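Quantities reported herein were computed from a predicted structural model and do not represent experimental measurements.
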Amino acid sequence: MTYVVTDACIKCKYMDCVEVCPVDCFYEGDNMLVINPSECIDCGVCEPECPAEAILPDTESGLEQWLEVNTTFSAQWPNITRKRDAPADADEFKGVDGKYDKYFSPEPGQGD
């Protein structure tokens, strides 16, 4: 099992999860974070830290797409280990449905 970041993170990118991860398995895209499933130790400490409730265990049904997104982009985006401020408009996007099709960006973030 691993944890994955879902589209609830897109345009929110709060980064509370990054601070608590003991193995630094988060990677930063332009407008979301992902988890490297090979590095994740399934500890679960990140899940309750996410204000957007974007982090879920991959054992939940329907998360195959998110496992693929996390796997693909954690190999392309820079590692992030320190929390920064969320985007100024993050709260406006919290809870919005269908963010992947509307807002996802494959561009990397800045990382550490």
Discussion item. Please report the interatomic distance CD(Glu39) to CG(Asn79), rounded to the nearest 0.5 Å.
Written reply: 7.0 Å
Item to complete: Treating Ile, Leu, Val, Met, Phe, Trp and Tyr as nodes and any side-chain heavy-atom pair under 4.5 angstrom as an edge, say whether Ile35 and Leu67 lie in one connected cluster.
Response: yes
Item to complete: Without swapping roles, check the side chain of Ser105 against the backbone of Asn31 for a donor-acceptor pair under 3.5 Å.
Response: no
Discussion item. Suppose we screen for side chain to side chain donor-acceptor pair (under 3.5 Å). Which residues come up paired with Thr71, at least two apart in sequence or across chains?
Written reply: none
Worksheet entry | Gap between atom SG of Cys9 and atom CD of Glu53 - 0.5 Å precision | 13.0 Å
Fill in: Heavy-atom side-chain proximity of Val4 to Ile55 below 4.5 angstrom
no
Worksheet item: Taking the side chain as C-beta and beyond, is there a heavy-atom pair between Pro22 and Ile41 under 4.5 Å?
Response: yes
Worksheet entry | Met1 reachable from Val34 in the ILVMFWY side-chain graph, under 4.5 Å edges | yes
Fill in: Flag side-chain contact, heavy atom, 4.5 Å: Gln76 against Pro108
no
Item to complete: Would you indicate whether Glu68, at its atom CD, is surrounded by more than 12 heavy atoms from other residues, nucleotides or ligands within a distance under 6.0 Å?
Response: no
Worksheet item: When rounded to the nearest 0.5 angstrom, what distance separates CG in Leu56 from CH2 in Trp66?
Response: 11.0 Å
Item to complete: Output yes when Arg84 and Glu28 qualify as a salt bridge under the 4.0 Å nitrogen-oxygen rule, no when they do not.
Response: yes
Fill in: Pro87 versus Lys13, closest heavy-atom pair with distance
CD-O, 3.7 Å
Practice prompt. Can you measure from CZ (Phe73) to CE (Met32) and round to the nearest 0.5 angstrom?
Written response: 9.0 Å
Item to complete: Might you work through the side-chain contact (heavy atoms from CB on, under 4.5 Å) test for Cys46 and Cys21, ending with a clear yes or no?
Response: CA-CA 6 Å; Cys46 59; Cys21 180; 5.6 Å; no
Practice prompt. Give the minimum heavy-atom separation between Asn36 and Tyr27, together with the two atoms involved.
Written response: CB-CE1, 3.6 Å
Worksheet entry | Atom pair CH2/CG of Trp77 and Leu33 - distance to nearest 0.5 Å | 8.0 Å
Item to complete: Mark yes or no for whether Lys99, through its side chain, and Ile10, through its backbone, hold a donor-acceptor pair below 3.5 Å.
Response: yes
Discussion item. I'd like to know if the side chain of Glu107 reaches the main chain of Asp30, judged simply by a donor and an acceptor atom lying under 3.5 Å from each other, with no hydrogens or angles considered.
Written reply: no
Item to complete: Report yes or no: do Asp58 and Thr2 form a side-chain donor-acceptor pair below 3.5 Å?
Response: no
Worksheet entry | Check against ring pair (Phe, Tyr, Trp, His ring centres under 6.0 Å), Tyr3 and Phe26 | CA-CA 11 Å; Tyr3 283 81; Phe26 281 89; 9.8 Å; no
Discussion item. I'd like to know whether CG of Asp89 has more than 12 heavy-atom contacts from other residues, nucleotides or ligands below 6.0 angstrom.
Written reply: yes
Worksheet item: Nearest 0.5 Å, what's the CD-NZ distance between Glu49 and Lys83?
Response: 9.0 Å
Discussion item. Counting C-beta onward and ignoring hydrogens, is there a side-chain heavy-atom pair between Glu47 and Cys17 closer than 4.5 Å?
Written reply: no
Worksheet item: Taking Asp24 for the side chain and Ile80 for the main chain, is one N or O donor matched with an acceptor at less than 3.5 Å?
Response: no
Worksheet item: Is it true that a side-chain atom of Asp112 and a backbone atom of Thr81 form a donor plus acceptor pair closer than 3.5 Å?
Response: yes
Discussion item. Is there a side-chain contact between Pro51 and Cys12 in this structure, where contact means two heavy atoms from C-beta onward sitting under 4.5 Å apart?
Written reply: no
Worksheet item: Is there side-chain contact between Pro37 and Ser74, with at least one heavy-atom pair below 4.5 Å?
Response: yes
Practice prompt. Quick one: closest heavy-atom pair of Arg82 and Met15, and the distance?
Written response: O-SD, 4.3 Å
Practice prompt. Would you check if Cys50 and Asp16 make a side-chain contact, meaning some heavy-atom pair closer than 4.5 Å?
Written response: no
Worksheet item: Without hydrogens or angle criteria, can the side chains of Asp91 and Tyr14 be said to hold a donor-acceptor pair below 3.5 Å?
Response: yes
